[in-house]
Amino acid sequence: MEREIIDKACAGDMDAFEAIYREHSGMVYGVALRMTGNTEDAEEVAQDVFVAAHRSLRNFKGESSLKTWLYRIAVNMSLNVIRRRRGVRAYELPMQDGIDFEDPRRDVALKIEAEANERKIGEMLGLLNPDQRACLVLRACEGLSYEDIARTLGVNINTVRTRLKRARETLIKARAASEVTDGLP
Amino acid sequence: MDCHNAENLILTDHLDGRLKGEALLELEEHLKGCVSCRDLRERAVGAEQFLRADGKVQPPESVWLAVQERIMPDGPSAWERLWEGVAPFFEGPRRLAFSATLATAVIVFGVALPGILSRTASNESDIRVVSAALVGGEGDVLSVGGEVWGDSVEQFLL
(Lines give C-alpha, C1' and ligand atoms only; values in the text may rest on other atoms or scores of the structure.)
Protein backbone atom coordinates (compact mmCIF):
# COMPACT_ATOMS: atom_id res chain seq x y z
CA MET A 1 0.00 0.00 0.00
CA GLU A 2 2.78 2.40 1.01
CA ARG A 3 4.83 1.38 -2.03
CA GLU A 4 1.84 2.00 -4.28
CA ILE A 5 1.39 5.55 -2.99
CA ILE A 6 5.14 6.21 -3.28
CA ASP A 7 5.13 4.97 -6.88
CA LYS A 8 2.19 7.21 -7.72
CA ALA A 9 3.86 10.20 -6.07
CA CYS A 10 7.04 9.45 -8.04
CA ALA A 11 4.98 9.48 -11.23
CA GLY A 12 3.86 13.01 -10.40
CA ASP A 13 0.52 12.24 -8.77
CA MET A 14 0.05 15.20 -6.42
CA ASP A 15 -2.86 13.55 -4.62
CA ALA A 16 -0.57 10.66 -3.69
CA PHE A 17 2.12 13.05 -2.47
CA GLU A 18 -0.47 14.98 -0.47
CA ALA A 19 -1.56 11.70 1.12
CA ILE A 20 2.06 11.12 2.19
CA TYR A 21 2.21 14.66 3.55
CA ARG A 22 -1.05 14.29 5.51
CA GLU A 23 0.11 10.99 6.97
CA HIS A 24 3.54 12.13 8.13
CA SER A 25 3.52 15.92 8.48
CA GLY A 26 2.47 15.83 12.17
CA MET A 27 5.39 13.57 13.01
CA VAL A 28 7.88 15.62 10.97
CA TYR A 29 6.66 18.89 12.43
CA GLY A 30 6.64 17.45 15.96
CA VAL A 31 10.27 16.35 15.65
CA ALA A 32 11.28 19.69 14.15
CA LEU A 33 9.44 21.61 16.87
CA ARG A 34 11.06 19.62 19.68
CA MET A 35 14.46 19.84 18.03
CA THR A 36 14.52 23.52 17.09
CA GLY A 37 12.33 24.81 19.89
CA ASN A 38 10.33 27.31 17.89
CA THR A 39 7.48 27.26 15.41
CA GLU A 40 9.18 29.40 12.76
CA ASP A 41 12.14 27.05 12.36
CA ALA A 42 9.90 24.00 12.69
CA GLU A 43 7.72 25.18 9.81
CA GLU A 44 10.80 25.86 7.69
CA VAL A 45 12.17 22.39 8.47
CA ALA A 46 8.83 20.72 7.73
CA GLN A 47 8.69 22.51 4.37
CA ASP A 48 12.27 21.58 3.50
CA VAL A 49 11.72 17.95 4.50
CA PHE A 50 8.77 17.47 2.15
CA VAL A 51 10.37 19.38 -0.71
CA ALA A 52 13.50 17.22 -0.33
CA ALA A 53 11.36 14.09 -0.02
CA HIS A 54 9.52 14.99 -3.23
CA ARG A 55 12.81 15.41 -5.08
CA SER A 56 14.37 12.23 -3.69
CA LEU A 57 11.38 9.93 -3.58
CA ARG A 58 12.66 8.13 -6.68
CA ASN A 59 15.81 7.21 -4.76
CA PHE A 60 13.84 5.78 -1.84
CA LYS A 61 14.60 2.07 -2.04
CA GLY A 62 12.28 0.94 0.72
CA GLU A 63 15.11 -0.54 2.80
CA SER A 64 13.63 1.29 5.78
CA SER A 65 10.06 2.45 6.16
CA LEU A 66 9.03 5.76 4.66
CA LYS A 67 8.47 7.01 8.22
CA THR A 68 12.06 6.21 9.25
CA TRP A 69 13.34 7.82 6.06
CA LEU A 70 11.36 11.00 6.79
CA TYR A 71 12.52 10.97 10.42
CA ARG A 72 16.10 10.90 9.18
CA ILE A 73 15.57 13.87 6.88
CA ALA A 74 13.68 15.77 9.60
CA VAL A 75 16.36 15.21 12.22
CA ASN A 76 19.22 16.09 9.87
CA MET A 77 17.51 19.25 8.68
CA SER A 78 16.69 20.24 12.25
CA LEU A 79 20.33 19.74 13.22
CA ASN A 80 21.37 21.89 10.25
CA VAL A 81 19.05 24.68 11.39
CA ILE A 82 20.36 24.44 14.95
CA ARG A 83 23.99 24.60 13.74
CA ARG A 84 23.23 27.48 11.38
CA ARG A 85 21.62 29.62 14.04
CA ARG A 86 23.97 28.63 16.84
CA GLY A 87 24.82 31.82 18.66
CA VAL A 88 22.19 33.74 16.76
CA ARG A 89 19.07 32.59 18.48
CA ALA A 90 18.74 30.61 21.66
CA TYR A 91 16.38 27.67 22.00
CA GLU A 92 12.99 29.25 22.47
CA LEU A 93 9.95 27.98 24.24
CA PRO A 94 7.92 25.81 21.91
CA MET A 95 4.55 26.90 23.25
CA GLN A 96 3.94 29.94 21.11
CA ASP A 97 0.78 31.44 19.68
CA GLY A 98 -0.57 29.65 16.68
CA ILE A 99 0.38 26.08 17.56
CA ASP A 100 -2.62 23.90 16.97
CA PHE A 101 -2.34 21.22 19.61
CA GLU A 102 -4.76 18.39 19.16
CA ASP A 103 -5.91 18.60 22.70
CA PRO A 104 -9.48 17.46 23.26
CA ARG A 105 -9.55 19.02 26.71
CA ARG A 106 -11.67 22.09 26.75
CA ASP A 107 -11.25 23.05 30.34
CA VAL A 108 -9.31 26.30 30.59
CA ALA A 109 -7.45 25.32 33.74
CA LEU A 110 -6.28 22.08 32.16
CA LYS A 111 -5.26 23.92 29.03
CA ILE A 112 -3.23 26.41 31.03
CA GLU A 113 -1.57 23.52 32.85
CA ALA A 114 -0.84 21.79 29.54
CA GLU A 115 0.71 24.99 28.21
CA ALA A 116 2.84 25.35 31.32
CA ASN A 117 4.01 21.76 30.90
CA GLU A 118 4.81 22.45 27.27
CA ARG A 119 6.91 25.38 28.31
CA LYS A 120 8.77 23.26 30.85
CA ILE A 121 9.37 20.52 28.31
CA GLY A 122 10.77 23.15 25.96
CA GLU A 123 13.05 24.50 28.64
CA MET A 124 14.30 21.05 29.55
CA LEU A 125 14.92 19.93 25.97
CA GLY A 126 16.77 23.20 25.48
CA LEU A 127 19.28 22.09 28.10
CA LEU A 128 20.36 19.10 26.02
CA ASN A 129 22.90 19.17 23.23
CA PRO A 130 21.33 18.60 19.78
CA ASP A 131 22.47 14.96 19.48
CA GLN A 132 21.06 14.03 22.88
CA ARG A 133 17.91 15.98 22.12
CA ALA A 134 17.43 14.09 18.86
CA CYS A 135 17.72 10.74 20.65
CA LEU A 136 15.34 11.70 23.42
CA VAL A 137 12.74 13.23 21.09
CA LEU A 138 12.77 10.14 18.87
CA ARG A 139 12.55 7.80 21.83
CA ALA A 140 10.31 9.54 24.37
CA CYS A 141 8.10 11.69 22.15
CA GLU A 142 7.97 9.56 19.01
CA GLY A 143 8.42 6.10 20.54
CA LEU A 144 11.07 4.84 18.12
CA SER A 145 13.03 1.70 19.04
CA TYR A 146 16.78 1.92 19.70
CA GLU A 147 17.36 0.23 16.34
CA ASP A 148 15.24 2.76 14.48
CA ILE A 149 16.90 5.67 16.27
CA ALA A 150 20.32 4.25 15.35
CA ARG A 151 19.26 3.90 11.70
CA THR A 152 17.71 7.35 11.67
CA LEU A 153 20.75 9.07 13.14
CA GLY A 154 23.34 6.86 11.47
CA VAL A 155 24.98 5.81 14.73
CA ASN A 156 25.27 2.50 16.57
CA ILE A 157 22.94 1.33 19.32
CA ASN A 158 25.50 1.88 22.09
CA THR A 159 25.76 5.52 21.07
CA VAL A 160 21.98 5.80 21.24
CA ARG A 161 22.02 4.23 24.70
CA THR A 162 24.77 6.58 25.94
CA ARG A 163 23.05 9.70 24.57
CA LEU A 164 19.73 8.67 26.11
CA LYS A 165 21.38 8.08 29.47
CA ARG A 166 23.06 11.49 29.46
CA ALA A 167 19.90 13.20 28.28
CA ARG A 168 17.80 11.59 31.00
CA GLU A 169 20.34 12.44 33.69
CA THR A 170 20.17 16.08 32.63
CA LEU A 171 16.40 15.99 32.50
CA ILE A 172 16.04 14.44 35.97
CA LYS A 173 18.35 17.07 37.46
CA ALA A 174 16.46 19.85 35.69
CA ARG A 175 13.13 18.54 36.93
CA ALA A 176 14.43 18.32 40.46
CA ALA A 177 15.67 21.90 40.28
CA SER A 178 12.37 23.02 38.76
CA GLU A 179 10.38 21.34 41.55
CA VAL A 180 12.47 23.13 44.15
CA THR A 181 11.95 26.47 42.38
CA ASP A 182 8.20 25.92 41.92
CA GLY A 183 7.82 24.58 45.46
CA LEU A 184 6.39 21.33 44.18
CA PRO A 185 6.68 18.18 46.26
CA MET B 1 24.92 -5.69 40.70
CA ASP B 2 26.34 -2.40 41.95
CA CYS B 3 24.67 1.04 41.84
CA HIS B 4 26.69 2.19 38.82
CA ASN B 5 25.43 -0.69 36.66
CA ALA B 6 21.92 -0.33 38.04
CA GLU B 7 21.81 3.39 37.17
CA ASN B 8 22.96 2.66 33.63
CA LEU B 9 20.24 0.08 33.15
CA ILE B 10 17.51 2.17 34.79
CA LEU B 11 18.16 5.15 32.51
CA THR B 12 18.28 3.06 29.34
CA ASP B 13 17.07 -0.49 28.81
CA HIS B 14 14.89 -0.75 31.92
CA LEU B 15 13.08 2.53 31.27
CA ASP B 16 12.53 1.55 27.64
CA GLY B 17 11.26 -1.95 28.44
CA ARG B 18 14.22 -3.68 26.84
CA LEU B 19 15.53 -5.42 29.94
CA LYS B 20 14.51 -9.06 30.19
CA GLY B 21 15.43 -12.37 31.81
CA GLU B 22 18.28 -12.64 34.24
CA ALA B 23 19.40 -9.02 33.89
CA LEU B 24 15.92 -7.83 34.88
CA LEU B 25 15.83 -10.14 37.90
CA GLU B 26 19.24 -8.90 39.01
CA LEU B 27 18.17 -5.28 38.75
CA GLU B 28 14.94 -5.90 40.65
CA GLU B 29 16.92 -7.66 43.36
CA HIS B 30 19.22 -4.63 43.60
CA LEU B 31 16.30 -2.18 43.74
CA LYS B 32 14.75 -4.04 46.68
CA GLY B 33 17.71 -3.15 48.84
CA CYS B 34 18.77 0.27 47.38
CA VAL B 35 16.77 3.39 48.23
CA SER B 36 18.85 5.69 46.03
CA CYS B 37 18.37 3.55 42.90
CA ARG B 38 14.64 3.22 43.60
CA ASP B 39 14.47 7.00 43.88
CA LEU B 40 16.33 7.36 40.57
CA ARG B 41 13.89 4.97 38.88
CA GLU B 42 10.89 6.93 40.19
CA ARG B 43 12.34 10.20 38.96
CA ALA B 44 13.28 8.74 35.60
CA VAL B 45 9.79 7.30 35.10
CA GLY B 46 8.25 10.64 36.13
CA ALA B 47 10.42 12.61 33.70
CA GLU B 48 9.64 10.19 30.88
CA GLN B 49 5.89 10.36 31.51
CA PHE B 50 6.19 14.13 31.61
CA LEU B 51 7.72 14.10 28.12
CA ARG B 52 5.27 11.55 26.75
CA ALA B 53 2.28 13.56 27.99
CA ASP B 54 3.19 16.02 25.30
CA GLY B 55 0.31 16.57 22.85
CA LYS B 56 0.51 15.73 19.18
CA VAL B 57 1.04 18.69 16.91
CA GLN B 58 0.11 19.49 13.35
CA PRO B 59 1.81 22.07 11.14
CA PRO B 60 -0.32 24.99 9.95
CA GLU B 61 -1.89 24.62 6.49
CA SER B 62 0.47 27.31 5.17
CA VAL B 63 3.28 24.72 5.28
CA TRP B 64 1.51 22.48 2.76
CA LEU B 65 0.74 25.46 0.53
CA ALA B 66 4.41 26.48 0.61
CA VAL B 67 5.50 22.91 -0.18
CA GLN B 68 3.12 22.80 -3.15
CA GLU B 69 4.43 26.09 -4.43
CA ARG B 70 8.04 24.94 -4.17
CA ILE B 71 7.58 21.58 -5.85
CA MET B 72 5.56 23.18 -8.66
CA PRO B 73 7.45 26.47 -9.05
CA ASP B 74 5.86 27.50 -12.36
CA GLY B 75 2.34 26.50 -11.45
CA PRO B 76 -0.01 25.44 -14.24
CA SER B 77 0.98 26.47 -17.78
CA ALA B 78 -1.03 29.00 -19.83
CA TRP B 79 -2.65 26.16 -21.79
CA GLU B 80 -3.59 24.37 -18.58
CA ARG B 81 -5.15 27.57 -17.22
CA LEU B 82 -7.01 28.13 -20.50
CA TRP B 83 -8.28 24.56 -20.47
CA GLU B 84 -9.40 24.91 -16.84
CA GLY B 85 -11.44 27.92 -17.96
CA VAL B 86 -13.13 26.29 -20.94
CA ALA B 87 -13.36 22.70 -19.71
CA PRO B 88 -16.74 23.23 -17.99
CA PHE B 89 -18.30 24.07 -21.39
CA PHE B 90 -17.37 20.62 -22.66
CA GLU B 91 -18.96 18.74 -19.82
CA GLY B 92 -22.49 17.50 -19.43
CA PRO B 93 -25.36 17.95 -21.91
CA ARG B 94 -23.93 21.17 -23.43
CA ARG B 95 -20.86 19.31 -24.67
CA LEU B 96 -22.29 18.52 -28.15
CA ALA B 97 -23.60 22.05 -28.75
CA PHE B 98 -20.32 23.71 -27.79
CA SER B 99 -18.27 21.23 -29.80
CA ALA B 100 -20.40 21.90 -32.90
CA THR B 101 -20.18 25.67 -32.41
CA LEU B 102 -16.43 25.52 -31.98
CA ALA B 103 -15.98 23.30 -35.05
CA THR B 104 -18.10 25.66 -37.17
CA ALA B 105 -16.13 28.67 -35.96
CA VAL B 106 -12.84 26.96 -36.77
CA ILE B 107 -14.02 26.03 -40.31
CA VAL B 108 -15.41 29.50 -41.06
CA PHE B 109 -12.31 31.30 -39.85
CA GLY B 110 -10.08 28.68 -41.45
CA VAL B 111 -11.60 29.38 -44.88
CA ALA B 112 -12.13 33.13 -44.58
CA LEU B 113 -9.08 34.28 -42.70
CA PRO B 114 -6.37 33.57 -45.35
CA GLY B 115 -8.39 35.54 -47.92
CA ILE B 116 -8.91 38.49 -45.59
CA LEU B 117 -5.25 38.55 -44.62
CA SER B 118 -3.97 38.37 -48.22
CA ARG B 119 -6.37 41.12 -49.31
CA THR B 120 -5.24 43.40 -46.51
CA ALA B 121 -1.62 42.70 -47.28
CA SER B 122 -2.25 43.40 -50.95
CA ASN B 123 -3.97 46.72 -50.18
CA GLU B 124 -1.14 47.89 -47.95
CA SER B 125 1.54 46.90 -50.44
CA ASP B 126 -0.33 48.60 -53.33
CA ILE B 127 -0.74 51.81 -51.36
CA ARG B 128 2.99 51.82 -50.54
CA VAL B 129 3.97 51.33 -54.23
CA VAL B 130 1.59 54.02 -55.48
CA SER B 131 2.55 56.48 -52.74
CA ALA B 132 6.27 56.00 -53.45
CA ALA B 133 5.73 56.59 -57.19
CA LEU B 134 3.66 59.73 -56.61
CA VAL B 135 6.13 61.18 -54.13
CA GLY B 136 8.93 60.47 -56.61
CA GLY B 137 7.01 62.31 -59.36
CA GLU B 138 6.71 59.23 -61.62
CA GLY B 139 3.17 59.88 -62.88
CA ASP B 140 -0.34 60.58 -61.72
CA VAL B 141 -2.59 58.56 -59.51
CA LEU B 142 -4.48 56.81 -62.29
CA SER B 143 -1.44 55.84 -64.32
CA VAL B 144 0.53 54.58 -61.35
CA GLY B 145 -2.18 53.04 -59.18
CA GLY B 146 -4.50 51.81 -61.90
CA GLU B 147 -8.21 52.15 -61.94
CA VAL B 148 -8.88 49.99 -58.92
CA TRP B 149 -6.63 51.68 -56.39
CA GLY B 150 -6.08 55.06 -57.90
CA ASP B 151 -9.16 56.68 -56.40
CA SER B 152 -8.50 55.28 -52.98
CA VAL B 153 -4.90 56.42 -52.98
CA GLU B 154 -5.83 59.84 -54.18
CA GLN B 155 -8.45 60.20 -51.46
CA PHE B 156 -6.00 58.96 -48.89
CA LEU B 157 -3.31 61.46 -49.92
CA LEU B 158 -5.64 64.40 -50.30
Side-chain angles (χ1 to χ4, degrees), chain A residues 14 17-18 21-22 25-30 32-34 39 42-51 53-55 94 98-105 114 117-118 120-121 124-125 136-137 139-141 143 145-146 160-176 179, chain B residues 1-20 23-24 27 31 35-77 80-81 84:
Chain A
M14 275 305 288
F17 188 71
E18 183 170 359
Y21 175 87
R22 300 285 169 210
S25 59
M27 166 275 281
V28 166
Y29 183 64
L33 190 61
R34 295 282 157 253
T39 54
E43 286 172 21
E44 184 191 324
V45 167
Q47 256 189 53
D48 290 346
V49 167
F50 283 99
V51 170
H54 186 263
R55 283 188 192 133
I99 301 179
D100 181 20
F101 281 85
E102 288 177 348
D103 191 345
R105 294 171 294 186
N117 282 347
E118 266 302 313
K120 278 185 187 167
I121 290 170
M124 288 178 186
L125 289 174
L136 196 64
V137 167
R139 176 63 211 146
C141 301
S145 67
Y146 283 21
V160 172
R161 193 177 273 113
T162 306
R163 286 179 186 175
L164 279 175
K165 179 176 174 283
R166 300 255 185 273
R168 283 165 173 162
E169 280 172 349
T170 306
L171 215 61
I172 288 167
K173 281 180 194 162
R175 274 201 95 209
E179 283 168 2
Chain B
M1 181 178 290
D2 61 18
C3 285
H4 179 70
N5 286 339
E7 282 169 14
N8 276 342
L9 289 175
I10 288 167
L11 293 175
T12 55
D13 296 289
H14 180 58
L15 199 59
D16 293 314
R18 293 169 55 92
L19 203 59
K20 292 184 175 68
L24 181 60
L27 177 65
L31 288 170
V35 179
S36 123
C37 285
R38 278 207 305 273
D39 182 54
L40 176 70
R41 181 175 66 172
E42 272 179 34
R43 286 181 174 279
V45 169
E48 203 71 1
Q49 283 172 345
F50 186 62
L51 275 182
R52 283 179 186 171
D54 181 20
K56 292 288 175 199
V57 292
Q58 283 296 328
E61 192 58 20
S62 59
V63 172
W64 169 240
L65 297 176
V67 170
Q68 270 185 307
E69 199 173 307
R70 286 174 63 186
I71 59 183
M72 293 193 303
D74 299 330
S77 69
E80 284 169 337
R81 283 200 299 273
E84 277 176 21

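In the text below, chain A, chain B and the rest are named by the order of the sequence lines, each starting its count at 1.
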Colleague: Can you name the closest pair of heavy atoms from B:Gln58 and A:Ser25 and give their distance?
Modeller: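 So the minimum-distance heavy-atom pair works out to OE1-OG, 3.8 Å.
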Colleague: Count the heavy-atom pairs under 4.5 Å between each of A:Val51, A:Asp48, A:Val28 and chain B, then report the option with the highest count.
Modeller: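 Max contact count across the listed options: A:Val51.
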Colleague: How close do B:Leu11 and A:Glu169 get, counting heavy atoms only, and between which atoms?
Modeller: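 In this case the closest contact between B:Leu11 and A:Glu169 is CD1-CG, 3.4 Å.
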Colleague: Please check if atom CZ in B:Arg38 has more than 12 non-hydrogen atoms from other residues, nucleotides or ligands closer than 6.0 Å.
Modeller: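 Yes.
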Colleague: I'd like to know if B:Glu61 and A:Arg22 make a salt bridge, using a cut-off of under 4.0 Å between side-chain N and carboxylate O.
Modeller: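 Judged by the 4.0 Å cut-off on N to carboxylate O distance, B:Glu61 and A:Arg22 do form a salt bridge.
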Colleague: Going through the checks in order, is the side chain to side chain contact (heavy atoms under 4.5 Å, CB included) test met by A:Tyr21 and B:Val63?
Modeller: CA-CA 10 Å; A:Tyr21 175 87; B:Val63 172; 3.5 Å; yes
Colleague: Is it the backbone or the side chain of B:Ile10 that comes under 4.5 Å from a heavy atom of chain A, or both, or neither?
Modeller: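 For B:Ile10, no heavy atom lies under 4.5 Å from chain A.
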Colleague: How many angstroms lie between atom CD1 of B:Ile71 and atom CZ of A:Phe50, to the nearest 0.5 angstrom?
Modeller: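 Answer for the CD1-CZ pair, B:Ile71 versus A:Phe50, is 10.5 Å.
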Colleague: Going by an N to O cut-off under 4.0 Å, is there a salt bridge joining B:Asp16 and A:Arg161?
Modeller: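 A salt bridge is absent here (no side-chain N lies under 4.0 Å from a carboxylate O).
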Colleague: Could you give the distance from CG (B:Asp13) to NZ (A:Lys165), rounded to the nearest 0.5 Å?
Modeller: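 Answer rounded to 0.5 Å: 12.0 Å.
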Colleague: So, does A:Tyr146 use its side chain to make a donor-acceptor pair with the main chain of B:Thr12 at under 3.5 Å?
Modeller: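 Yes, A:Tyr146 side chain to B:Thr12 backbone: donor-acceptor pair under 3.5 Å.
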Colleague: Please name the pair of heavy atoms, one in B:Pro59 and one in A:Tyr29, separated by the smallest distance, quoted to 0.1 Å.
Modeller: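 Minimum heavy-atom contact is N-CD2, 3.5 Å.
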Colleague: Does A:Arg139 come within less than 4.0 Å of B:Glu48, counting only side-chain N to carboxylate O?
Modeller: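 A salt bridge is absent here (no side-chain N lies under 4.0 Å from a carboxylate O).
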Colleague: Which heavy atom in A:Ile172 sits nearest to a heavy atom in B:Ala47, and how many Å separate them?
Modeller: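 What the structure gives for the nearest pair is CG1-CB, 4.4 Å.
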Colleague: Between B:Gln68 and A:Met14, is there a side-chain heavy-atom distance shorter than 4.5 Å?
Modeller: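 Yes; the side chains approach each other to less than 4.5 Å.
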